Student: 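Take this structure first; my questions come after.
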Amino acid sequence: MGTHSRLIAVLFVSLFATFANAATAKKPVERGNADAGRNLALEACTGCHVVSDNQPFPPLLKGAPDFREIANRPNVTAASLRRTIAALPQVPRKGQMANPLLTDAELADVTAYIMTLREHRGKAP
Ligand code: HEC
């Protein structure tokens, strides 16, 4: 009987911990804020990318893909972009970009913004 109730107590505690985790783990960071992401992109990414059709100045460096082009690559998702950007090396090879060292929230925001540039696929060409 003693071990039984101890077991039940342990079960309860771990169940509670699971619920508590589920409640705190789902932060808005997951989704990202596209407006904040656009502002961040205008500050941090326009040096090399066309991030928006009406950005104040064109990229200084040539050769980086437009954000619209990146967003419309087949199979791109916000999650895949986040992984790609987070995995960039800090010391890039020639022609590659360096890891912009964004926080998780910034990554979520900027990729949410990039995904707003994705056009609906599946329309007749
Ligand atoms: C110093 C120039 C430079 C800056 C600044 C820059 N990029 Fe890039 N970026 C590049 C170049 C060049 C490429 C293409 C080569 C590559 O993939 O690394 C690229 C590629 C990318 C790709 C596609 C990567 C892939 O392999 O699919 C993404 C996404 C991207 N950049 C996002 C960003 C974001 C977000 C920012 C701002 C936080 C940013 N870039 C700032 C130069 C830059």
Side-chain angles (χ1 to χ4, degrees):
M1 197 54 177
T3 15
H4 199 151
S5 44
R6 274 241 301 281
L7 243 174
I8 289 181
V10 167
L11 245 172
F12 257 119
V13 168
S14 54
L15 254 181
F16 181 76
T18 311
F19 282 126
N21 266 341
T24 50
K26 280 271 174 224
K27 291 197 190 125
V29 162
E30 281 296 314
R31 281 245 171 133
N33 175 328
D35 286 339
R38 181 172 187 275
N39 290 337
L40 174 71
L42 284 171
E43 278 177 23
C45 321
T46 32
C48 304
H49 292 274
V50 173
V51 309
S52 155
D53 291 339
N54 56 358
Q55 68 189 43
F57 59 88
L60 304 170
L61 287 178
K62 303 280 170 231
D66 293 5
F67 275 10
R68 184 174 297 284
E69 189 255 279
I70 294 172
N72 286 290
R73 288 177 184 168
N75 305 325
V76 156
T77 64
S80 77
L81 284 176
R82 273 161 79 161
R83 279 195 302 273
T84 303
I85 297 171
L88 289 168
Q90 283 186 43
V91 180
R93 283 186 304 256
K94 206 167 187 281
Q96 235 195 356
M97 72 176 270
N99 192 313
L101 301 177
L102 303 178
T103 64
D104 285 350
E106 288 170 336
L107 260 181
D109 291 348
V110 85
T111 53
Y113 168 63
I114 294 174
M115 291 312 288
T116 65
L117 305 173
R118 189 170 174 88
E119 282 134 28
H120 290 292
R121 309 217 131 228
K123 280 185 294 191

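One-based numbering, in listed order, for ligands and for the atoms of each. Hydrogens, waters and symmetry mates are skipped; everything else that's a heavy atom, side chains included, is used. This one's a predicted model, so the numbers in the text were calculated from it and none came from an experiment.
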Student: Please output the side-chain donor-acceptor pairs of residues 86-101 that fall under 3.5 Å, not counting sequence neighbours, one pair per line with the distance.
Tutor:
unit_1, atom_1, unit_2, atom_2, d
Gln96, OE1, Arg93, N, 3.2
Asn99, OD1, Leu101, N, 2.8
Asn99, ND2, Ala86, O, 3.0
Asn99, ND2, Leu88, O, 2.7

Student: Does a side-chain heavy-atom distance below 4.5 Å link His49 with Pro65?
Tutor: yes
Student: Distances under 3.5 Å, N/O of ligand 1 against N/O of the protein: list each pair and its distance.
Tutor:
unit_1, atom_1, unit_2, atom_2, d
ligand 1, 7 (N), His49, NE2, 2.8
ligand 1, 9 (N), His49, NE2, 2.8
ligand 1, 18 (O), Met97, N, 3.0
ligand 1, 27 (O), Arg73, NH1, 2.9
ligand 1, 31 (N), His49, NE2, 2.8
ligand 1, 40 (N), His49, NE2, 2.8

Student: For residues 58-69, which residue pairs qualify under side chain to side chain donor-acceptor pair (under 3.5 Å), counting only residues two or more places apart or in two chains?
Tutor: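 Pairs touching residues 58-69 that pass the test: Asp53-Arg68, Arg68-Glu119, Glu69-Arg73.
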Student: Pro58 versus Val50: any side-chain heavy-atom pair under 4.5 Å?
Tutor: no
Student: Show the nearest heavy-atom pair for residues Ala34 and Tyr113, with the distance to one decimal.
Tutor: O-CB, 3.4 Å
Student: Mind checking side-chain contact (heavy atoms from CB on, under 4.5 Å) for Ser80 and listing every partner two or more places apart, or none if nothing turns up?
Tutor: Val76, Thr77, Arg83
